[in-house]
Amino acid sequence: MQTGIVGLPFSGKSTLFQTLLSNKADSAEFKKKHLSERGIINVYDKRLDRLTALFNPRSKVHATIEYIKVPGLDPQNENGLSPQFFANLKTVDEIILVVRGFEDEIYPHPSGKVDPRADIEFALAEFLLSDMLIVEKRIERLEKQLKKVRNVTDERELQLLLKCQKALEEGKALRTISFNDEELKQLKGYQFLSSKPRLIVINIDESQLSSSEEVTEEYRDYQAETVSVMSLCLKIESEIAELDEADQEMFLEELGISEPALYRLVQKSYDLLGLISFFTVGEDECRSWSIHRGMNAQQAAGVIHSDLERGFIRADVVSNVDLLKQGSLAACRSRGLLRLEGKDYNVKDGDVMEIRFNV
Ligand SMILES: Nc1nc2c(ncn2[C@@H]2O[C@H](COP(=O)(O)OP(=O)(O)OP(=O)(O)O)[C@@H](O)[C@H]2O)c(=O)[nH]1
Ligand SMILES: [Mg+2]
């Protein structure tokens with residue numbers, strides 16, 4: 001699963017990327033961070049921290065997410081955005097759009113004025129346009145083909161693309177249009193930008209720090225189309241990330257916040273990807289695993305190891321809340337909170353599981 005970071009020049013893409021990388025999963029790679037345009041990042045999860053405190057295991061392993069920086073969203077490009085930009089963006093599963101809200105004379109805004117709404121409109125219009133061009137080209141080819149030989153498959157695809165075209169011409173993101181399962185499957189191959197989950201991040205000025213909620217509220221009208229909007233000050237976030245743990249706590253307290261806003265960003269992007277976490281616990285290792293929302297216990301077991309999926313018998317399941325409250329698996333068992341679930345059990349976010357299997 002990949003999340004692409006885009007934004008106009010001097011919007012804060014690199015600041016976001018570097019700050020995210022300070023929580024890089026593979027710390028040996030850390031030194032190379034300035035060379036890299038992609039990085040695998042630990043997903044912050046307080047629940048995992050609490051479970052780790054309870055079990056005191058030899059190792060703690062986070063679920064991870066891959067972020068890549070996709071440069072090239074620049075309204076000043078005379079020939080429009082490059083095909084390479086769109087080609088790179090097509091392969092990501094989710095888009096984070098960093099939008100500049102801060103003033104800084106040394107780094108002038110490319111259009112000369114800080115105007116988040118204008119930048120959002122520009123980016124969203126480019127995404128729609130890119131989809132529209134793909135749709136048009138494909139429709140043209142299908143119509144040509146159908147003139148030669150009629151066939152049901154092409155006919156059906158044409159109908160679907162006409163439906164997309166109509167929506168796009170009305171300025172609607174494909175994400176806001178309802179499609180049935182078969183249509184969705186067919187659409188996947190096109191990797192349309194306006195059908196991907198998108199998170200708009202307004203990079204606010206330090207002076208707006210205490211009114212970040214109000215700023216987010218100003219852009220509420222984008223919520224339906226783009227799925228999510230949040231505002232944070234990346235400059236402050238990057239300063240927080242540079243501190244060691246004790247100083248971090250003090251700084252957060254001074255700012256009057258309980259955790260870095262960056263954590264929320266990571267959680268939100270995780271959420272938008274349709275991912276949830278379950279945990280495995282023990283003295284050896286406490287670990288969070290990512291699965292797609294809706295996966296059953298057997299499929300989730302397969303994320304740990306294919307043997308566990310193949311030889312799946314049952315799963316012992318307890319919510320992390322109950323486990324943390326009771327203090328041990330034995331206590332959960334004796335109070336009937338640890339349940340034995342079969343392969344069809346729909347795994348919930350925050351479940352702690354132990355898989356029984358036989359191969
Ligand atoms: N005042 C202020 N400055 C910021 C903030 N976020 C980023 N900057 C500064 O703005 C400048 C541009 O930020 P970058 O993260 O390099 O932006 P970018 O989008 O990667 O820019 P390009 O790669 O050049 O397109 C840097 O000097 C940052 O330190 C912020 O929230 N407030
Ligand atoms: Mg940069």
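Just so you know, ligand 1 is whichever comes first in the structure, and atom 1 is the first atom listed for that ligand.
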Distance filter under 4.0 Å to [X] heavy atoms, resulting ligand 1 atoms:
| X | value |
| --- | --- |
| Leu234 | 31 (O) |
| Leu8 | 19 (O) |
| Cys233 | 31 (O) |
| Glu206 | 1 (N), 2 (C), 32 (N) |
| Ile204 | 31 (O) |
| Pro9 | 25 (O) |
| Ser14 | 15 (O), 16 (O), 18 (P), 20 (O), 23 (O) |

Would you compute the distance between atom CG of Leu232 and atom CG of Asn203 and round it to the nearest 0.5 angstrom?
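It comes to 7.0 Å.
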Out of curiosity, Leu184 CG to Ser195 OG, how far, rounded to the nearest 0.5 Å?
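It comes to 9.0 Å.
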Might you work through the side chain to side chain donor-acceptor pair (under 3.5 Å) test for Arg339 and Tyr345, ending with a clear yes or no?
CA-CA 11 Å; Arg339 310 162 332 254; Tyr345 169 70; 3.0 Å; yes
Below 4.5 Å, heavy atoms only, C-beta onward: do [X] and [Y] meet side chain to side chain?
| X | Y | value |
| --- | --- | --- |
| Lys196 | Arg175 | no |
| Lys166 | Leu162 | no |
| Tyr67 | Leu21 | no |

Any idea which of Phe102, Phe10, Tyr107 brings a heavy atom closest to atom 21 (O) of ligand 1?
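The nearest heavy atom belongs to Phe10.
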Quick one: which of Ile106, Leu232, Thr15 has a heavy atom closest to atom 14 (P) of ligand 1?
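Comparing heavy atoms across Ile106, Leu232, Thr15, the nearest one to atom 14 (P) of ligand 1 lies in Thr15.
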Knowing that exactly one of Val70, Leu8, Ile5 qualifies, which makes a side-chain contact (heavy atoms from CB on, under 4.5 Å) with Lys13?
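That would be Ile5; it is the only one of Val70, Leu8, Ile5 passing the side-chain contact (heavy atoms from CB on, under 4.5 Å) with Lys13.
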Yes or no: does [X] have any heavy atom under 4.0 Å from an atom of ligand 1?
| X | result |
| --- | --- |
| Val98 | no |
| Ile236 | no |
| Gly7 | no |

For the Mg ion (ligand 2), count the protein N, O or S atoms found under 2.8 Å away.
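Number of qualifying protein atoms: 1.
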Going by atom types alone, do Lys235 and Thr15 pair a side-chain donor with an acceptor below 3.5 Å?
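No.
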Salt bridge (Lys or Arg N to Asp or Glu O under 4.0 Å) evaluation trace for Arg117 with Glu218
CA-CA 10 Å; Arg117 200 166 273 275; Glu218 273 177 51; over 6 Å; no
Hey, is Asp205 touching ligand 1 through its side chain, its backbone, both or neither, going by heavy atoms under 4.0 Å?
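Neither part.
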I'd like to know if the side chain of Asp351 and the backbone of Phe278 have a donor-acceptor N/O pair within less than 3.5 Å.
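Checking the backbone N and O of Phe278 against the side chain of Asp351, no donor-acceptor pair under 3.5 Å is found.
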If you have a sec, work out which protein heavy atom is nearest [atom] and how many Å separate them, to one decimal?
| atom | result |
| --- | --- |
| atom 17 (O) of ligand 1 | Gly12 N, 3.1 Å |
| atom 19 (O) of ligand 1 | Lys13 NZ, 2.7 Å |
| atom 6 (N) of ligand 1 | Asn203 ND2, 3.0 Å |

Carboxylate-amine/guanidinium contact Glu155 Arg150, below 4.0 Å
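Counted as a salt bridge, because a side-chain N and a carboxylate O are separated by less than 4.0 Å.
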Look at Glu66 together with Arg38 and state whether they make a salt bridge at an N to O cut-off of under 4.0 Å.
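Yes, this pair counts.
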Tell me the side chain to side chain donor-acceptor pair (under 3.5 Å) pairs involving residues 308-317, sequence neighbours left out?
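As it turns out, the side chain to side chain donor-acceptor pair (under 3.5 Å) pairs with a partner in residues 308-317, which skip direct neighbours, are Asp307-Arg310, Asp316-Arg356.
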Parallel, tilted or perpendicular: which fits the ring planes of Tyr107 and Phe10, with parallel below 30° and perpendicular above 60°?
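It falls in the perpendicular class, over 60°.
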